Number of protein chains: 4
Amino acid sequence: MDDRLVALRRDLHRRPEPAWREFYTTARIVAELDSLGIEDLQLHVGPDALAGDHRLGVPEEAELAPWYERAREYDVDDEVLDALAGGYTGSVAVLDRGEGPTVGLRVDIDALPREEADDPEHVPAAEGFRSEHEGTMHACGHDAHATIGVGVLRRIAESDFEGTLKVFFQPAEEVVGGGKPMAESEHVADVDYLLALHVGLDHPTGEVVAGIGGFLAVSHLRATFHGESAHAGGRPEEGRNAIQALATAVQNCYAIPRHSDGATRINVGVVEGGVAPNIVAEEATLVAEVRGETTDLMEYMDERVRRTLRTAAEMHDCEVEIETGAEAPSATSDAELAGIVADVAGEVDGIETVLDRDDLGGSEDATYLMRAVQENGGRACYVGVGTDHPGGHHTATFDVDEATIGHGVAVLSGAIERIAAERP
Amino acid sequence: MDDRLVALRRDLHRRPEPAWREFYTTARIVAELDSLGIEDLQLHVGPDALAGDHRLGVPEEAELAPWYERAREYDVDDEVLDALAGGYTGSVAVLDRGEGPTVGLRVDIDALPREEADDPEHVPAAEGFRSEHEGTMHACGHDAHATIGVGVLRRIAESDFEGTLKVFFQPAEEVVGGGKPMAESEHVADVDYLLALHVGLDHPTGEVVAGIGGFLAVSHLRATFHGESAHAGGRPEEGRNAIQALATAVQNCYAIPRHSDGATRINVGVVEGGVAPNIVAEEATLVAEVRGETTDLMEYMDERVRRTLRTAAEMHDCEVEIETGAEAPSATSDAELAGIVADVAGEVDGIETVLDRDDLGGSEDATYLMRAVQENGGRACYVGVGTDHPGGHHTATFDVDEATIGHGVAVLSGAIERIAAERP
Amino acid sequence: MDDRLVALRRDLHRRPEPAWREFYTTARIVAELDSLGIEDLQLHVGPDALAGDHRLGVPEEAELAPWYERAREYDVDDEVLDALAGGYTGSVAVLDRGEGPTVGLRVDIDALPREEADDPEHVPAAEGFRSEHEGTMHACGHDAHATIGVGVLRRIAESDFEGTLKVFFQPAEEVVGGGKPMAESEHVADVDYLLALHVGLDHPTGEVVAGIGGFLAVSHLRATFHGESAHAGGRPEEGRNAIQALATAVQNCYAIPRHSDGATRINVGVVEGGVAPNIVAEEATLVAEVRGETTDLMEYMDERVRRTLRTAAEMHDCEVEIETGAEAPSATSDAELAGIVADVAGEVDGIETVLDRDDLGGSEDATYLMRAVQENGGRACYVGVGTDHPGGHHTATFDVDEATIGHGVAVLSGAIERIAAERP
Amino acid sequence: MDDRLVALRRDLHRRPEPAWREFYTTARIVAELDSLGIEDLQLHVGPDALAGDHRLGVPEEAELAPWYERAREYDVDDEVLDALAGGYTGSVAVLDRGEGPTVGLRVDIDALPREEADDPEHVPAAEGFRSEHEGTMHACGHDAHATIGVGVLRRIAESDFEGTLKVFFQPAEEVVGGGKPMAESEHVADVDYLLALHVGLDHPTGEVVAGIGGFLAVSHLRATFHGESAHAGGRPEEGRNAIQALATAVQNCYAIPRHSDGATRINVGVVEGGVAPNIVAEEATLVAEVRGETTDLMEYMDERVRRTLRTAAEMHDCEVEIETGAEAPSATSDAELAGIVADVAGEVDGIETVLDRDDLGGSEDATYLMRAVQENGGRACYVGVGTDHPGGHHTATFDVDEATIGHGVAVLSGAIERIAAERP
């Protein structure tokens with residue numbers, strides 16, 4: 001079994017696709033599930049898998065097209081690809097095994113827009129499964145997440161599990177864009193227990209965190225400064241310099257005061273502007289995110305960033321247009337559910353340390369699904385599965401210790417069986 | 001004749017090409033010259049036209065390729081295109097008419113990387129010759145310059161001119177990249193008198209500036225900040241933020257003190273960096289230029305910019321790599337030559353005002369050719385031919401009053417004949 | 001009793017003195033204690049009260065002098081003033097009542113360098129005890145702290161307490177300067193139990209926090225940028241502008257990345273530089289502080305601030321000289337001791353709510369004394385006594401509800417008696 | 001004669017007084033003039049010397065008082081001091097010698113708020129006439145100007161001059177504050193020819209510039225940012241940080257784009273704000289000046305500075321209050337008058353080089369008087385008298401070669417006699 005899962009993970013790693021462009025990824029997961037020969041497995045893809053109107057941060061058709069066309073060139077099922085057209089990526093797999101609770105497992109599947117390391121110490125480079133899509137990389141372990149989702153589904157299908165299992169292969173986590181439309185879909189409405197997972201997070205192989213909390217609320221925005229171009233040598237005073245506005249904004253966004261109520265974050269992750277050294281730039285764009293330990297703290301940062309952008313524009317006689325991007329709330333893991341995970345994990349081969357809880361200190365749109373289930377009276381738990389990762393998350397040398405795949409499958413399928421048995 | 005020149009100008013305008021990518025432009029000029037049927041015209045293209053090793057700012061092959069391929073698709077002479085491969089654009093046309101001085105005329109031919117206006121008040125849009133190359137535009141009038149070069153050559157070919165005329169169709173003026181290799185070529189070595197021209201410069205149709213001076217010395221650079229990426233929510237402190245370094249650098253570059261010895265300029269014209277809002281940017285790039293009324297003043301700015309870049313990088317724990325770009329010196333027009341131009345211009349139909357001199361207040365790599373000729377004991381003069389232009393140079397609504405083409409041809413060919421006759 | 005304490009508090013409020021200049025304040029406290037007629041009370045003042053070499057942030061003699069001279073003009077004991085000369089302010093009062101534990105109570109006595117509100121809604125203004133020392137104000141409640149210290153001493157002197165009580169009237173808390181020399185004095189060495197207190201902290205009258213923790217470690221610094229002056233109109237390029245260096249430093253200090261390990265703080269609280277608008281500034285100074293939830297986090301900030309200062313200076317061709325100021329570590333309240341305080345507080349008239357613990361989120365050099373006692377095997381607890389305060393701490397409208405004085409005396413003297421009785 | 005003038009200059013140097021505080025200086029000049037025993041000399045001091053309502057930048061009484069009191073302690077005429085009370089410094093001396101033109105000579109008399117060098121290479125330090133007023137210095141040579149004014153008056157009094165000579169001993173040039181009220185006084189209304197002078201300006205001893213032009217128009221302002229204080233550790237988010245607003249403003253003021261029409265200047269010469277490192281600053285002030293080669297250019301800078309101040313305040317949720325300070329226009333020297341000066345200077349012993357003209361590149365409120373005379377149909381000329389000065393103007397090591405005093409007296413009195421004789 002493990003060989004097959006490792007092969008799947010490496011194949012996904014080799015062909016990473018960023019948010020809403022997981023065309024090959026989705027089709028490959030569906031093909032893998034089909035190949036398992038589980039007769040009663042129902043698969044939802046495309047507009048059936050999520051509430052399309054709630055998708056956030058879907059790129060324009062022109063950006064989707066090359067990814068879609070490339071996926072066509074790979075060896076995948078054309079009908080599945082047809083269903084994904086227009087950025088309807090992701091899938092929901094349902095296994096209805098009669099009376100019993102409905103348990104959901106959410107795994108995310110998208111990659112990041114960054115270059116992958118190419119030196120011999122980086123295992124994917126050394127062993128030939130480094131990204132073939134230059135500038136895109138599975139630098140956060142979602143290739144392992146998707147693989148664990150498949151593994152859990154197979155294990156449960158072969159078990160005595162009574163109830164319904166739904167595995168949510170969620171797209172677009174990295175842009176905080178896929179959690180909301182999945183949470184709003186009909187598939188989540190009847191879930192009694194939801195599990196989600198993440199590998200790594202600075203926990204080594206052999207360590208499990210039963211219930212992760214401390215999710216930071218997050219919000220993205222894109223600001224475009226509009227000024228006026230001028231010849232930089234001949235008429236500098238006639239320019240309204242969008243790059244100066246941007247630089248002032250960046251400096252002052254990072255300088256927003258810390259807050260005594262808890263953690264806040266600010267990052268201007270992308271800047272772009274201007275056309276030539278001898279032209280005063282008439283347009284410049286930045287993409288930023290703010291986070292907070294609570295939604296209030298996130299909104300404190302958001303409001304300050306917007307004021308900074310507006311006044312920086314005005315200072316340099318520019319206008320600024322702000323597009324609101326994706327958002328995700330904060331959430332917590334239910335202690336009872338975490339207790340079950342901890343118990344199960346303690347019995348899994350290779351797991352040496354089980355921590356009851358830890359704070360993520362980051363953001364995740366799994367919180368949309370967790371909150372949806374909790375608001376319906378259900379319970380949710382976010383599980384950390386340790387893995388030795390050489391570089392940090394989101395860096396060029398991030399990698400997953402593949403032993404983690406087996407650990408994840410064992411802990412999560414064990415927990416699902418125990419939940420069905422105990423209905424806590 | 002004028003209809004034909006206007007058609008040429010509009011065709012060049014419709015298919016603008018930026019520096020070192022003037023493949024269609026060069027081939028089109030050569031075709032036009034060929035069609036004139038001047039039997040004793042010698043045409044130099046490709047490596048024969050300029051000193052290839054001195055070319056500055058030539059883009060990488062990957063950037064040249066799409067332009068080259070597109071030119072292939074147009075109706076041009078394949079042999080000419082073959083010669084231009086690798087960014088050897090531009091051409092030198094030589095007309096040897098026996099004993100007499102060697103007179104050079106330098107015209108530049110490249111376009112700018114900017115969007116062209118698309119509203120009905122913009123003549124090229126209204127009359128159907130707006131740029132077909134989205135994002136590139138003849139926003140400085142070089143389409144008219146090239147056309148005037150062709151017109152002058154025809155007029156002189158038909159005249160009693162005795163001596164040698166060389167018309168330099170120079171590429172890559174906008175990146176200050178083509179002047180130096182043309183100045184270093186063998187074609188300039190024996191030039192006794194050099195004329196160059198520019199249309200517009202805030203002078204209206206009917207006005208001529210006989211001798212322009214006050215060229216600002218200029219230098220370009222590209223700085224790339226290298227930091228380290230990190231998850232912006234989970235480990236902000238582990239990032240070494242290249243975008244913060246860039247923003248600090250931009251702000252402080254513009255704040256370099258003014259100089260009491262004369263005019264200085266600074267512009268950060270392009271910025272780009274980062275990959276996603278949730279990743280601390282590990283790389284960010286800016287492209288900037290500095291200018292000075294003298295070379296010393298330009299170097300004052302250049303030195304300060306470099307210190308600012310270096311310390312801004314260090315402040316944010318980044319490294320910075322600085323690539324020196326193109327440079328051009330300052331220069332002056334010789335008064336005797338300007339006197340001849342002024343005399344001739346005063347007799348041209350449609351020219352109502354002739355100014356002896358004016359300052360450019362900008363930069364131009366024609367100065368390389370002017371200096372080369374002057375250092376050899378020759379004389380040089382840079383002529384302004386007024387044109388009503390709705391928008392400023394380098395802006396989206398720049399356009400040329402086509403009456404200017406006739407004025408330019410008349411003034412310059414008149415001056416060339418007079419020079420040959422008088423040998424001042 | 002309360003009338004007398006209120007009168008004392010108002011008198012201290014009317015004559016606030018900043019760090020190391022508490023000449024009148026100390027003498028007035030000593031006079032009040034003397035007037036109580038407690039025969040076995042020992043009073044230590046001047047060099048006897050603290051380890052003089054460890055004093056931090058003592059101003060120069062020229063700054064001390066006017067405060068010292070003014071104190072002379074008030075009606076106080078000249079001998080006490082003699083002992084305080086040179087900034088040896090503060091006092092330790094010792095009551096030895098035989099066998100039993102040594103219990104310390106630390107109260108701070110200094111005021112802040114800020115203007116006090118002068119409108120009728122501000123009680124001290126309305127009732128005639130607003131600061132007579134313009135520009136200095138008891139804006140943090142240390143007038144109440146000192147008063148409570150006196151009140152506790154009197155109450156214990158009249159009780160059956162067995163053991164030794166030491167009340168530390170500590171100077172210079174606001175500059176984090178007096179805690180260390182008191183902690184290093186011989187008086188702390190034999191303390192078994194230490195209590196400290198603060199009024200307010202956003203807790204209303206009637207609320208007590210038994211054990212406050214979450215003290216931020218703090219460090220102060222002063223940076224002086226040295227450049228070179230020049231005539232701003234005639235030779236701007238010859239200046240090396242210390243004000244530009246300072247502005248760059250300020251912007252970038254606030255922009256130091258947040259840290260995922262916990263709370264950090266940065267504040268540039270004072271700037272000063274330059275002499276005239278037409279002179280490029282040759283000198284500019286800033287005073288800043290950094291804080292961290294742990295000492296490591298404080299040091300992270302400190303290191304970044306120093307790099308920012310150094311590179312900002314270099315960017316503008318200046319030098320920077322950094323003087324390290326005061327520091328204080330973090331600390332925690334012992335739970336057993338907090339338990340006693342909570343029990344006692346629950347029985348005090350007027351106390352309606354008792355919280356077990358809360359985080360300060362600020363800094364305090366009481367932590368030096370707390371750590372000293374804890375490292376000797378003793379226990380320490382920092383108690384919050386709520387008070388309705390109209391404006392925030394350190395603002396012009398801060399004031400204390402005087403009912404708090406009675407609450408503070410009751411809770412702390414009750415706790416001291418209980419400690420002596422129970423020896424937890 | 002020269003010994004006496006040198007003694008006067010050194011005495012003025014030893015007791016420098018800044019703008020509007022030239023109490024001793026004025027009284028000392030008056031005493032020197034009295035001692036010359038010129039019977040028909042009329043002296044105007046106090047409100048008689050200038051149009052008091054037009055005075056700019058007069059400090060508050062509290063700042064004037066210590067200077068006024070100190071002047072009282074020196075050996076000067078009490079009646080003169082009485083007339084100067086309230087900052088009515090400066091004097092006008094009139095010598096009416098019958099029929100003939102009215103010739104004015106304007107000299108300025110104030111010092112700068114800066115420390116003077118104290119090393120043996122600095123002549124005033126070595127020879128015992130270094131400033132006794134610590135923090136104030138004659139760093140621009142006005143001590144020599146005033147002395148030359150006295151010398152010229154004596155020389156003309158002893159000559160055959162026919163006409164009226166008025167010497168304007170103008171206060172407050174350094175704050176651009178005294179030129180306007182002198183220009184608006186009745187004394188200027190009938191002046192036919194005005195001379196003004198400056199020593200040094202990078203011209204060595206023995207060089208004279210007959211007619212200086214290129215005065216930059218100048219305008220001063222003071223901006224006070226009002227925010228809200230908060231405890232920097234406990235409630236950083238509640239602060240509205242005036243120092244952050246100031247830093248953003250400073251950075252962006254220096255970054256105002258250069259102008260293609262000519263020279264501009266910006267300087268933030270003074271900053272001050274905040275009270276303590278642990279308090280978010282609620283108030284911060286800057287003093288700045290802008291200049292332009294023309295009044296339009298100065299106004300371009302002024303408008304941009306104001307927008308920058310306003311938006312920087314808003315960015316940090318502060319308010320800003322802007323007080324407009326002094327202003328001075330640009331002006332030019334009349335060529336005929338400069339011609340006379342040049343002729344005379346060429347005959348003066350010790351003058352080796354005479355330049356027709358030069359640009360100041362700085363500002364001067366002599367331009368108010370020059371314009372007033374020119375607008376009345378008179379003529380004006382600003383004369384440069386070279387002096388070897390070790391340090392630049394406004395720096396700690398500036399000093400005057402005392403040979404310059406004789407040169408100045410000879411050139412200017414010679415020119416005044418020639419003007420009266422020739423009436424150009």
Side-chain angles (χ1 to χ4, degrees), chain A residues 227-264 266 279-281 292-294 296-320, chain D residues 227-264 266 279-281 292-294 296-320:
Chain A
E228 197 169 323
S229 64
H231 190 290
R235 289 281 176 272
E237 71 279 7
E238 290 181 2
R240 299 190 291 118
N241 193 327
I243 285 178
Q244 279 194 295
L246 177 142
T248 300
V250 169
Q251 287 232 306
N252 285 282
C253 278
Y254 280 101
I256 293 171
R258 275 96 170 140
H259 200 296
S260 63
D261 285 352
T264 54
I266 165 72
I279 303 181
V280 173
E293 201 171 319
T294 63
D296 280 355
L297 285 166
M298 179 268 277
E299 284 170 358
Y300 158 82
M301 293 298 289
D302 189 59
E303 186 201 317
R304 294 269 182 141
V305 163
R306 284 165 192 265
R307 188 171 66 210
T308 302
L309 295 169
R310 184 172 49 75
T311 50
E314 201 183 337
M315 186 178 284
H316 295 281
D317 207 9
C318 295
E319 289 82 46
V320 65
Chain D
E228 198 170 322
S229 63
H231 191 290
R235 290 281 176 270
E237 70 280 5
E238 290 182 1
R240 299 190 292 118
N241 193 327
I243 285 178
Q244 278 194 295
L246 178 142
T248 300
V250 169
Q251 286 231 305
N252 285 282
C253 279
Y254 280 102
I256 293 171
R258 273 95 170 143
H259 200 295
S260 62
D261 285 351
T264 55
I266 166 71
I279 304 181
V280 173
E293 202 172 317
T294 63
D296 279 356
L297 285 165
M298 178 270 276
E299 284 170 357
Y300 158 81
M301 293 299 290
D302 188 59
E303 186 201 318
R304 295 268 182 141
V305 163
R306 284 165 192 268
R307 188 171 65 212
T308 302
L309 294 169
R310 185 173 48 75
T311 50
E314 202 184 335
M315 186 178 284
H316 295 281
D317 207 9
C318 295
E319 289 83 44
V320 65

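Source: prediction; values computed, not measured. Order of the sequence lines sets the chain letters (A, B, ...), proteins ahead of strands, with each chain counted from 1.
Listed options R258(D), E238(D), R307(D) were ranked by heavy-atom pairs under 4.5 angstrom with chain A; first place goes to R307(D). Comparing D261(D), T248(D), T264(D) by heavy-atom pairs within less than 4.5 Å of chain A, the highest count is held by T248(D). Between chain A and the options A255(D), P236(D), G234(D), G233(D), heavy-atom pairs under 4.5 Å are most frequent for P236(D). Counting heavy-atom pairs closer than 4.5 Å to chain D, the top-ranked of the candidates N241(A), L309(A), D317(A) is D317(A).
Put simply, CG on N252(A) and CE on M315(D) are 4.5 Å apart, with the number rounded to the nearest 0.5 Å. Annotation: the span from I256(D) atom CD1 to E237(A) atom CD amounts to 13.0 Å, rounded to 0.5 Å.
Contacts between A247(D) and chain A at a heavy-atom distance below 4.5 Å are absent for every atom of the residue. Contacts between Q244(D) and chain A at a heavy-atom distance below 4.5 Å involve the side chain alone, from C-beta outward.
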